[in-house]
Amino acid sequence: MKVGIDRIGFSAPNRYLDLVDLAHARGVDPNKYLTGIGQRKMAVPALSQDIVALGANAAEDALSDCEDAEKASIGLLIVATESGVDQSKASALFVHELLGLPDSMRAIEIKEACYGGTAGLQIAADFVRAHPGAEALVIAADIARYGLNTGGEVTQGAGAVAMLVAENPHILALEERSVVRSRSTDDFWRPNYSAEAFAKGKYSEQVYLEMFAEDWREAESLGLTQVGDLQALLFHIPFSKMGRKGLRSLESVIPITDYERLRARFEKAIIYGQDVGNLYTASLYLSLISLLEQDESLYEGDRIGLFSYGSGSVAELFFGTLQIGYRDRLDRTSHEALLATRQRLNMNEYETIFNDSLVTDGSRQDIEDGDTTAPHALVRIEGHERCYR
Ligand code: CAA
């Protein structure tokens with residue numbers, strides 16, 4: 001039975017900071033951000049655009065043409081995030097209500113840093129294999145937040161990707177065999193008391209590359225890499241240079257014609273992420289959307305590899321095949337418009353939004369709507385409860 005991604009969509013905040021402005025403000029050569037880090041812009045979420053709102057909006061995008069009867073066959077909803085809004089209640093339950101999904105299903109939240117989206121996807125695929133006829137909705141949603149004037153500031157961002165996983169998928173059939181490894185590392189973490197992540201930046205890059213090399217070697221020994229057949233290789237992209245370093249590590253390992261093909265496709269796969277920034281759990285999947293919408297040369301039946309990395313750390317290399325008619329399930333025009341029509345913030349506006357925070361004393365706070373055109377937003381917090389539109 002073929003199982004994989006049947007529908008896909010994303011959402012991103014409607015405001016951004018141009019990284020040249022950030023570079024000037026921080027006294028850094030803009031080329032460090034544009035070339036050294038490999039990013040152009042980063043999305044800046046308003047308080048109303050938390051991961052529930054971003055995740056639900058991504059799901060609306062993915063399910064926009066989906067009949068009610070198909071929604072009724074969703075038996076599992078997973079929200080993967082490392083920017084959750086509650087220590088107990090799953091953000092999936094807020095999303096479940098916002099989307100009007102049936103009660104007769106499981107709705108849960110999972111976490112393992114940026115790997116969570118892939119954990120969700122693999123669990124969803126196993127669920128569909130075990131329950132013929134059932135579908136699963138996986139949402140990866142995050143706000144990457146390191147703090148003003150930190151080394152990680154330029155690698156912030158926000159957004160969400162939603163994927164419907166089903167039998168006989170229309171976009172990407174997933175292979176059951178993959179290579180995965182888990183190892184406790186302290187490269188990046190966010191304690192419960194902190195709104196910002198901490199990272200040992202260079203060490204995190206080192207672990208990412210080591211685990212990619214180990215995954216690649218193991219996949220090779222299992223006969224899974226077959227680079228001649230691999231039409232594209234996607235990476236978790238906290239910033240595009242990180243994925244580029246992963247790909248470059250193969251330059252002396254695989255034939256040059258294969259490397260050049262993967263490199264050309266990599267350029268298409270980073271287009272959206274370079275303008276949105278790090279989406280943690282969703283970064284790899286925004287890269288998938290970018291590749292499929294921006295690359296005109298891929299064909300149905302082409303095989304692609306996906307490398308997922310979550311600090312802490314879990315790393316998985318897995319594979320899929322593009323399905324007949326996959327282009328019909330994409331929406332390049334509206335996604336390009338979404339990114340092109342965003343509002344550019346100046347430094348003062350960015351820092352004001354960054355420092356804005358929700359009340360924590362149980363009082364009522366009406367939250368200014370950052371994007372009245374989006375279907376869902378956090379509108380109020382009162383008595384420690386969150387209310388959404
Ligand atoms: N022109 C062109 N390039 C320049 C330049 C200039 N004027 N000045 C510097 N550069 C280059 C540097 O040579 C360097 O390139 P290489 O990485 O190829 O060597 C690059 O710009 C970065 O500069 P620095 O080495 O000075 O790095 P930094 O101290 O500013 O830190 C960072 C960069 C480590 C990525 C930091 O932003 C950070 O800590 N980010 C958060 C952690 C992170 O994203 N880690 C990724 C792996 S973990 C993961 O993937 C999970 C996740 O999502 C967090």
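Atoms within a ligand are numbered from 1 in the order they appear, just like the ligands themselves. Heavy-atom basis, side chains included; hydrogens, waters and symmetry copies ignored. Keep in mind that what you see is a predicted model, and the values were worked out from it rather than measured.
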_Would you call the rings of Phe307 and Tyr208 parallel, tilted or perpendicular, taking 30° and 60° as the class edges?_
perpendicular

*Got a sec: does the CD of Gln226 have more than 12 other heavy atoms crowding it under 6.0 Å?*
yes

*Got more than 12 heavy atoms from elsewhere within 6.0 Å of CD, Glu260?*
yes

*Is it true that atom CZ of Arg106 has more than 12 heavy atoms of other residues, nucleotides or ligands lying nearer than 6.0 Å?*
no

*Can you see which heavy atom on Thr360 is nearest to which on His384, and at what distance?*
O-CE1, 3.3 Å

*Under a 4.0 Å heavy-atom cut-off, what residues line ligand 1?*
Asp29, Asn31, Lys32, Gly36, Ile37, Cys114, Tyr146, Gly151, Gly152, Thr155, Phe188, Ala199, Gly201, Lys202, Ser204, Glu205, Tyr208, His236, Pro238, Phe239, Lys241, Met242, Lys245, Asn278, Tyr280, Tyr309, Ser311

_Any carboxylate oxygen within less than 4.0 angstrom of a Lys/Arg side-chain nitrogen, looking at Arg386 and Asp86?_
no

